[in-house]
Amino acid sequence: MSRIALIDTYVDPTYINKPIQYIDLCEDSNGEPCRHGLTHGTMCAAVLDHCACDYELINIRILASGSADSPKPFGKIEQLAEALRLCGKLNVDIVSLSAVSSLLSDSRYLYDITHDLAENTVIVSALDNRRYVTVPASYPFVLGVQNDWAGLLQAGEIAYRAGDPLGAEIYANCNFDLLKRQRHGPSNSFAVPVVSAYINDLINKGRKPYEIFEIIHNLSTYRLPPERERMVYPGMPVTREIPIVFIEGKSALEFGRLLMDGMYDKYSIQSTGLLMMGGAYDIRLKHITNTSSLQNDVHFMRRHYKTDLIFIITPDDNGISEAFAALEGDVMLRCRGTKAVIEYENERLTVNTQNVLDGLNNILSSDLACETENTVG
């Protein structure tokens, strides 16, 4: 019998046909389970209970309870990190996680914990319903899940799409009558317990986590023609211009990551980047090979990354000046040891690298509009 941790709102036990172990990490907790009816967590648990058998359920509450008639529940990223850490201590077999974040700077709280947990636990996580790259769902060692919006599968069926650009390679159909009866529609959140139930069955048959990933990769292929994908998955509309900053130089990656961290820590500006050089994994950075596809890469990042600022990071000037002009870039930074050359509009400045952060914010202040929050939901 596997142990499944559902990290979400409270699960109301009157809707679930099994005992539930409760752990409450919310700051408003009084230590007693709250029966809030058909909360988000309750509906996730109901789908799990519909699809799975022979399992133990642990409900870890990190979200203030919501319902069909109340606003979407939100929680703090620190509580999600603590819940994942707790799953390791409890020897959980499966984490069923529909409480996620599209704010990629939250990766600093989640990456190491999730990476360590994934060695012995299968983590099943929802993609953001607005189709933003999501933590932890888009990590390569997490089973990222999205709903079968195109209706190619039967209710309860799952399929695999290798190389999904958002990092959520599993598609699941959760269009069950039990959701319809409660006036809920399919969503990425409710697709997660469908996959968790499938994993539960494999674990109960003695499969290990590494074997489960191999089995998932060999599922039937989710085949969605490109023209239909654009129609079904249009992505978030770009409602504002997002500034583009080029960083060029041998130390461009290190410098770029420092700027990304600094812009968020000091100014609450969320940054992402296109990376044209090797480097350690960072969910905020998308690797590209050359400048020929930059227009499409920037367009994709504007629609599918929650970001206020896009960096394009490269070790040299090979084609960058032309790409900067073609994209109508806002600022060019050239790293030269302890100095940086800043080019924007008709200005050219040479400054110490420690002064670049404030200077960059001042240059872009009229264009930057922070739309990010440190929450999960």
Side-chain angles (χ1 to χ4, degrees), residues 5-11 23-29 39-41 44 58-66 71-90 92 95-118 121 123-146 166-168 187-189 192 236 257 260-273 280-285 304-309 370-377:
L6 193 150
I7 303 173
D8 212 284
T9 63
Y10 264 132
V11 172
I23 298 173
D24 194 344
L25 298 182
C26 278
E27 295 175 351
D28 63 348
S29 169
T39 64
H40 185 266
C44 288
I58 303 171
N59 175 209
I60 304 178
R61 180 188 181 227
I62 67 166
L63 303 180
S65 296
K72 179 182 177 181
F74 285 93
K76 293 184 177 180
I77 193 64
E78 294 88 349
Q79 292 166 343
L80 175 54
E82 178 59 27
L84 292 168
R85 189 178 293 110
L86 188 58
C87 287
K89 296 178 181 178
L90 294 172
V92 166
V95 173
S96 189
L97 181 61
S98 297
V100 294
S101 175
S102 55
L103 180 59
L104 299 186
S105 287
D106 283 345
S107 188
R108 68 177 70 180
Y109 297 96
L110 301 181
Y111 182 83
D112 290 339
I113 297 169
T114 311
H115 185 271
D116 292 344
L117 180 62
T121 301
I123 304 167
V124 186
S125 180
L127 185 75
D128 184 279
N129 278 316
R130 295 161 295 180
R131 290 184 56 75
Y132 285 126
V133 171
T134 307
V135 290
S138 299
Y139 290 152
F141 44 83
V142 170
L143 296 181
V145 178
Q146 48 189 308
L166 301 179
S187 73
N188 293 345
S189 289
V192 164
M236 290 300 292
R257 292 181 68 175
M260 293 170 76
D261 292 340
M263 292 297 285
Y264 183 69
D265 292 339
K266 191 169 184 177
Y267 299 110
S268 297
I269 298 298
Q270 171 63 44
S271 306
T272 55
Y281 178 82
D282 188 326
I283 190 69
R284 298 172 298 179
L285 298 173
H304 293 290
Y305 284 68
K306 183 181 282 187
T307 188
D308 306 302
L309 174 63
C370 179
E371 295 186 350
T372 56
E373 295 181 60
N374 186 235
T375 58
V376 294

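Side chains of Arg61 and Gln79 form no contact here, defined as non-hydrogen atoms less than 4.5 Å apart. Under the 4.5 Å side-chain criterion, counting only non-hydrogen atoms from C-beta, Lys306 is not in contact with Leu104. Inter-residue side-chain proximity for Asp24 and Tyr10 is flagged as met; some heavy-atom pair is nearer than 4.5 Å. Taking the side chain as every heavy atom from C-beta outward, Ser101 and Leu80 never approach each other to under 4.5 Å.
In terms of heavy-atom proximity, Ile62 sits nearest to Ala99 at CD1-CB, 4.0 Å. Contact detail for Ser271 and Arg284: the closest heavy-atom pair is O-CD, 3.9 Å. Considering all non-hydrogen atoms of both residues, Ala137 and Leu127 come closest at CB-N, 4.0 Å. Closest non-hydrogen pair, Ser125 versus Val192, comes out as C-CG2, 3.7 Å. Between Tyr139 and Ser107, the closest heavy-atom pair is OH-OG, 2.6 Å. Contact between Leu110 and Thr114 at its shortest, heavy atoms only, is O-OG1, 2.6 Å.
Distance check: Met260 CE to Leu309 CG gives 8.5 Å after rounding to the nearest 0.5 Å. Note: Glu82 CD to Tyr109 OH = 13.5 Å, rounded to the nearest 0.5 Å. Taken to the nearest 0.5 Å, the CG atom of Leu84 stands 12.5 Å off from the NZ atom of Lys89. How far NE2 of His115 is from CD1 of Ile123: 10.0 Å, rounded to the nearest 0.5 Å. One distance of note links CG of Asp112 with CG of Leu117; it measures 12.5 Å at 0.5 Å rounding. Interatomic distance, Gln270 CD to Leu103 CG, rounded to the nearest 0.5 Å: 4.5 Å.
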- Test side chain to side chain contact (heavy atoms under 4.5 Å, CB included) applied to Cys87 and Thr121, step by step: CA-CA 9 Å; Cys87 287; Thr121 301; 5.7 Å; no

- Message: Test side chain to side chain contact (heavy atoms under 4.5 Å, CB included) on Val95 and Val142; report intermediate values, then the result.
- Response: CA-CA 10 Å; Val95 173; Val142 170; over 6 Å; no

- Message: Go through it in stages, so that I can follow the logic: the residues are Asp308 and Met263, the test is side chain to side chain contact (heavy atoms under 4.5 Å, CB included), and I'd like the CA-CA distance, side-chain angles, deciding distance and then a yes or no.
- Response: CA-CA 10 Å; Asp308 306 302; Met263 292 297 285; over 6 Å; no

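In this structure, the side chain of Ser98 does not engage the main chain of Ala126 through any donor-acceptor pair within 3.5 Å. Under the 3.5 Å distance criterion, the side-chain polar atoms of Asp128 are left unmatched by any main-chain donor or acceptor of Ser102. Between the side chain of Thr134 and the backbone N or O of Tyr132 there is at least one donor-acceptor pair closer than 3.5 Å. With hydrogens and angles disregarded, no donor-acceptor distance shorter than 3.5 Å links the side chain of Thr9 to the backbone of Thr39. Looking only at distances, no side-chain donor or acceptor of Ser138 sits under 3.5 Å from a matching main-chain atom of Val133.
Between the side chains of Asp282 and Tyr111, no donor-acceptor pair of N or O atoms lies under 3.5 Å.
Between Arg108 and Asp265 there is a salt bridge, since at least one side-chain N of the basic residue sits less than 4.0 Å from a carboxylate O of the acidic one.
For the side chain to side chain contact (heavy atoms under 4.5 Å, CB included) test with Ile23, the passing option among Ile7, Leu86, Asn59 is Leu86; the others fail.
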